[in-house]
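A short write-up of the structure that comes next.
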Amino acid sequence: MRVTETWYLTLSALLFTVGFVGLLVRRNPLVMFMSLELMLNAVNISFVAFANKLDDIAGQTAVFFVLVVAAAEVVVGLSIVVAVMRRRPSITADDLRSLKG
Amino acid sequence: MTLAFLAQQTIERIPFDSPTIDWHAFAPEAILLAWTCLVVVVDMVGLERARRFMPGLTGVGFLLATIPVLTLWNDGATRSLFEGAYVVDRYALALKGLFLISGYVVVLLSTQYMADGDYYDSEYYILLASSVLGMTVMASARDLITIFVALELLSIPAYLLAAWRKRDLKSNEAGLKYMLMGIFASAIMLYGMSLLYGVAGDTRLSVIAEKLTSEGTKPLLTLAALFTIIGFAFKVSAVPFHTWAPDTYEGAPTPLTAFLAVASKAAGFVAMVTIITTAFPGQADVVEPFMWVLSALTMSIGNLIAMRQTNIVRMLAYSGVAQAGYIMAPLAVYSQTGQNGVSAASAIVNYLIIYSAMNLGAFAVVIAAARKTRSGEISSFGGMLNYAPGLTTAMTVFLFSLAGIPPMGGWLAKWQVFSVLLQSESTWGTTLALVAAVNTVLAAFYYLNVAKQMWFMPAPDGDTSRVRVPPSLVAALAITVIATLLSGVTGLVPDITDFGSIALGR
């Protein structure tokens with residue numbers, strides 16, 4: 001059985017859904033952050049699969065940019081999470097509710 | 001074989017044409033980038049001694065970068081770089097000017113605020129300049145990858161800036177919420193873009209537009225278009241993707257809130273307008289109803305919640321949500337109005353310019369007033385006419401403008417949106433114009449309520465000592481008042497319609 005692009009696209013859609021649902025149901029900021037990374041990586045698989053199918057380099061180039069930007073986001077995101085955790089250890093997203101209305 | 005020989009061989013084997021770069025077209029970004037690096041170096045060399053020069057230095061950078069924008073505007077030619085991935089036309093230039101000047105005004109707003117608190121001034125201004133650099137790139141981007149990189153370049157510094165008061169849990173919360181929702185939005189947008197790339201086979205908008213026009217509507221394409229638009233809907237805080245905005249706005253430092261509410265939102269709109277009008281001309285029957293619903297929901301719900309707010313920053317946040325509804329309204333009829341959606345794009349750009357002036361001004365007054373009252377409650381504005389007549393007059397101008405009362409700028413902006421909606425002569429356009437009209441009346445209620453507090457109510461604790469407004473805030477107020485009045489009275493807004501369409505760089 002040949003593994004075609006469709007398999008990869010399905011995998012990418014599944015990963016994206018896992019990340020999406022994970023972000024909505026998990027309440028730990030770190031796990032929410034990991035779910036976001038999962039979504040970004042699903043996008044990478046999708047870009048590479050399409051690039052392979054279209055025989056076009058642009059999709060693979062896009063992956064480099066997504067990777068680099070995701071790395072920058074991790075740096076910034078983790079620093080914010082650490083700043084929050086320092087103030088309130090064991091915080092969950094539900095505890096962050098001093099701002100509402 | 002020596003290493004040099006190997007290198008020579010490799011170079012000869014790989015054909016590489018270095019692209020020709022039009023430095024004049026690229027000058028605003030190049031100057032801003034070089035200047036930001038300069039600010040970093042000055043910070044590293046000067047350390048504590050350099051702190052008080054930082055706002056001035058950054059401000060000069062923004063103004064210097066505006067010079068090539070003006071020369072390019074006078075030149076008037078459409079320049080296309082990197083095989084159409086980066087286009088400098090009047091649409092892009094008007095927006096670059098807007099971003100740079102708003103950046104300058106935000107520096108003016110921040111100067112005293114940052115100097116008063118122990119807030120790491122130098123880094124603040126460096127990140128602000130990087131974010132504005134992302135916006136200027138966004139105005140010219142005509143390629144999915146460029147749009148994505150520009151969006152992240154403007155967002156990532158903004159996440160850090162929102163969490164700037166790091167010892168304050170509210171600011172932490174603002175930053176965390178903004179960061180999670182922002183990355184969530186970019187992930188959804190990216191997924192849409194990858195599908196778009198899969199269908200069209202290229203990342204350049206011009207090629208995508210050609211491919212998609214012949215493709216018509218397919219389920220996958222619809223999904224791609226909607227995902228991409230939803231990504232930007234988060235950035236512009238359209239209902240139901242607006243939930244982060246009020247919390248982030250309240251928790252972030254107020255000058256930065258002004259920046260997020262104006263420049264960051266405008267940049268989201270730019271990407272939205274560019275993608276919709278250039279890449280989706282053939283998908284109008286999917287995109288237009290979606291934008292109709294998004295726009296009607298955004299203005300109605302934004303206004304209804306804004307009415308109940310007692311905190312001025314939250315009220316301005318929800319008013320900004322509602323204003324976003326008016327701004328995106330022309331996109332609900334973009335294919336039915338003249339010149340391939342250019343009249344829709346032009347109405348949006350003019351609205352963004354006027355909105356930036358009046359909203360930055362309103363925030364300037366809030367920042368100035370909070371120096372005395374130390375409060376963000378609307379009731380703390382009571383009796384301001386007696387002890388701060390200048391601020392009261394300025395705030396009245398901004399509030400009337402936000403409410404859309406002639407002859408302020410906001411009136412002209414609303415009028416253009418209405419005329420585009422009615423021009424389409426379709427049921428969709430007319431009904432949306434009706435929704436917008438009802439909302440304008442609703443909105444006047446809460447804007448005028450603040451004006452009423454300032455003019456007719458007594459000061460809450462009888463304290464009528466004067467407000468000391470620092471010179472930087474006076475300058476910011478002067479710029480915004482003049483822009484708001486001038487655009488309304490003379491109708492003077494940049495004309496981007498002299499081109500047939502938003503240039504795609506083909």
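Below, chains carry the letters A, B, ... as their sequence lines are ordered, and counting in each starts from 1. In this text, all values refer to a predicted model and were calculated from it rather than measured experimentally.
In this structure, chain B has heavy atoms under 4.5 Å from both the backbone and the side chain of A/A13. In this structure, no portion of B/L153 lies under 4.5 Å from any heavy atom of chain A. Contacts of A/V66 with chain B are made by both backbone and side-chain atoms, with heavy-atom separations under 4.5 Å. Residue contact with chain A, scored on non-hydrogen atoms closer than 4.5 Å, is absent for B/L144. Proximity to chain A (any heavy atom under 4.5 Å) is restricted, for B/F227, to the side chain, taken from C-beta onward. Proximity to chain B involves both the backbone and the side chain of A/A51, based on heavy atoms less than 4.5 angstrom apart.
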Residues B/F148, A/F65; criterion ring pair (Phe, Tyr, Trp, His ring centres under 6.0 Å); working and verdict: CA-CA 9 Å; B/F148 168 66; A/F65 284 96; 8.2 Å; no

Apply the test side chain to side chain contact (heavy atoms under 4.5 Å, CB included) to residues B/S155 and A/E73: give CA-CA distance (whole Å), side-chain angles for both, the deciding distance (0.1 Å), then the verdict. CA-CA 10 Å; B/S155 304; A/E73 267 166 352; over 6 Å; no

Walk me through it: do A/I45 and B/S194 pass the test side chain to side chain contact (heavy atoms under 4.5 Å, CB included)? CA-CA 9 Å; A/I45 295 178; B/S194 78; over 6 Å; no

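Taking 4.5 Å as the limit, some side-chain heavy atom of B/F184 sits within range of a side-chain heavy atom of A/M39. Put simply, the side chain of B/V199 does not reach to within 4.5 Å of the side chain of A/F50, judged on heavy atoms.
When all heavy atoms of B/Y191 and A/S12 are compared, the pair lying nearest together is CE1-OG, 3.5 Å. Scanning both residues, B/M179 and A/F33, for their nearest heavy atoms gives SD-CE1, 3.4 Å. Here the closest heavy-atom approach between residue A/I80 and residue B/Y159 is recorded as CD1-O, 3.6 Å. Pairing each heavy atom of A/L54 with each of B/G201, the nearest pair is CD1-CA, 3.5 Å. The two atoms that bring B/I183 and A/L36 nearest to each other are CB-CD1, 3.8 Å, heavy atoms only. Among all heavy-atom pairs drawn from A/A58 and B/I145, the shortest one is O-CD1, 3.9 Å.
Between A/S46 atom OG and B/L190 atom CG the span is 10.0 Å, to the nearest 0.5 Å. Between atom CE of residue A/M85 and atom CG of residue B/N172 there is a gap of 11.5 Å, rounded to the nearest 0.5 Å.
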